[in-house]
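Working notes, beginning with the structure itself.
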Amino acid sequence: MAILKRSFYLKEDVVGIARDLIGKHLFSSAGGIITGGMITETEAYAGVTDRASHAFGGRRTARTEVMYSVGGTAYIYLCYGVHSLFNVVTNIEGIPHAVLIRAISPTKGLPEMLQRTGKAAPGKGFTDGPGKVTKALGIHFSETGLDLTAGAKERDGRSIWIEDPGTVIPASAIEVSTRIGVQYAGEDALLPYRFLYRGKK
DNA sequence: CGGCCGATCCACT
DNA sequence: GTGGATCGGCCGA
């Protein structure tokens, strides 16, 4: 597998990147322990014109500043005071596009993921939500701003990266729908910006 | 500085 | 199906 290069993240079509991230593999290294899995659910957040985005209207705050970083940067924030949500920043520096990783299918480091989540076995509902993905991978919102293109090179004992297994996911295996939990976004809540991997079809 | 709220999850009915 | 947890960020005063 090859680590996704900067060029993958620099494209301006954030919705296309969200779709292309389905089937890629997300990895996390913490203190030498590597965990990861295939990305099976994503959502695109289209920056200043998207009411559901934290950067809507060009808002810049200490938290959202990371969204304006160069594509290939991790934007991780705390949601509901409990969950760290992991996003991939896309597009060139200055354009706050991002893709939320909502679910993965575990492929590496399963024992560690079970330990972190307090589960006995990876049944349904194991890593099928954005808060559960970060918990299983040991990702914390304090790690926002990490460079996703640095590979397994650790910074402060942590690193996060995405690899391309080279497998082609047919369009028929990807389901498109509206985003979750963004009712407040008005008509933007109706945009088809959510992608789910469906094994067969 | 005070108050409200969230790109969620889980326990409980 | 529903409501509570839980706390940083954001906004208004």
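Chain identifiers are assigned alphabetically (A, B, ...) following the order of the sequence lines, protein sequences preceding nucleic acid strands; residue numbering begins at 1 within each chain.
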Just checking, is any N or O donor in the side chain of A:R102 or A:T40 under 3.5 Å from an acceptor N or O on the other one?
no
What's the shortest heavy-atom distance between [X] and [Y], and which atoms?
X      : Y      : result
A:S159 : A:E154 : CB-CA, 4.0 Å
A:S84  : A:T134 : O-OG1, 2.6 Å
A:Y184 : A:A52  : OH-O, 3.1 Å
A:P130 : A:L85  : CB-CG, 3.8 Å

Look only at the side chain of A:R179 and the backbone of A:D188, and say whether a donor-acceptor pair between them is shorter than 3.5 Å.
yes
State whether the side chain of A:R51 and the backbone N or O of A:A189 hold a donor-acceptor pair below 3.5 Å, judged by distance alone.
no
Let me know the distance between [atom1] of [X] and [atom2] of [N], rounded to the nearest Å.
X      : N      : atom1 : atom2 : value
A:Y80  : B:dT8  : OH    : P     : 5 Å
A:Y75  : B:dA7  : OH    : P     : 9 Å
A:Q183 : B:dT8  : CD    : C1'   : 12 Å
A:D188 : B:dA7  : CG    : C1'   : 14 Å
A:H83  : B:dC10 : NE2   : C1'   : 8 Å
A:H140 : C:dC7  : NE2   : P     : 11 Å
A:F141 : C:dG8  : CZ    : P     : 6 Å

A:V176 vs A:F195, test: side-chain contact (heavy atoms from CB on, under 4.5 Å). Steps then yes/no.
CA-CA 5 Å; A:V176 185; A:F195 300 92; 3.8 Å; yes
Tell me, please, which residues at least two apart from A:N91 pass side-chain hydrogen bond (donor to acceptor under 3.5 Å, both in side chains).
A:H97
Pairwise C1' distance, C:dG3 and B:dC5 [rounded to whole Å]:
16 Å
Using atom P in both nucleotides, what's the gap between C:dG4 and B:dC4 to the nearest angstrom?
16 Å
The correct list of stems in which DNA chain B takes part (3 or more consecutive Watson-Crick or G-U pairs, distances under 3.5 Å) is B:1-6 with C:7-12, B:8-12 with C:1-5
Can you list, by residue number, the residues of residues 108-138 of chain A that have a non-hydrogen atom closer than 4.0 angstrom to DNA chain C?
none
Does A:Y184 have a side-chain nitrogen or oxygen under 4.0 Å from the phosphate oxygens OP1 or OP2 of B:dA7?
yes
Ring stacking, A:Y45 with base of B:dA7, under 5.5 Å and under 30°?
yes
Nucleic acid contacts of [range], taken as heavy-atom distances under 4.0 Å to DNA chain B:
range                      : value
residues 19-28 of chain A  : none
residues 59-67 of chain A  : A:M67
residues 85-104 of chain A : A:L85, A:N87, A:L100, A:R102

Assess whether a salt bridge exists between A:K132 and A:D128, defined as any Lys/Arg side-chain N lying under 4.0 Å from an Asp/Glu carboxylate O.
yes
NZ/NE/NH1/NH2 to OD/OE distance under 4.0 Å, A:D147 and A:R6:
yes
What's A:V182 touching, base or sugar-phosphate or nothing? Going by heavy atoms closer than 4.0 Å.
sugar-phosphate
Kindly compute the distance separating CG (A:L114) from OG1 (A:T35), expressed to the nearest 0.5 Å.
11.0 Å
Can you measure from CD1 (A:I39) to CD (A:E163) and round to the nearest 0.5 angstrom?
11.0 Å
Considering the options A:I162, A:T90, A:I3, A:L21, which one meets the side-chain contact (heavy atoms from CB on, under 4.5 Å) requirement together with A:F8?
A:L21
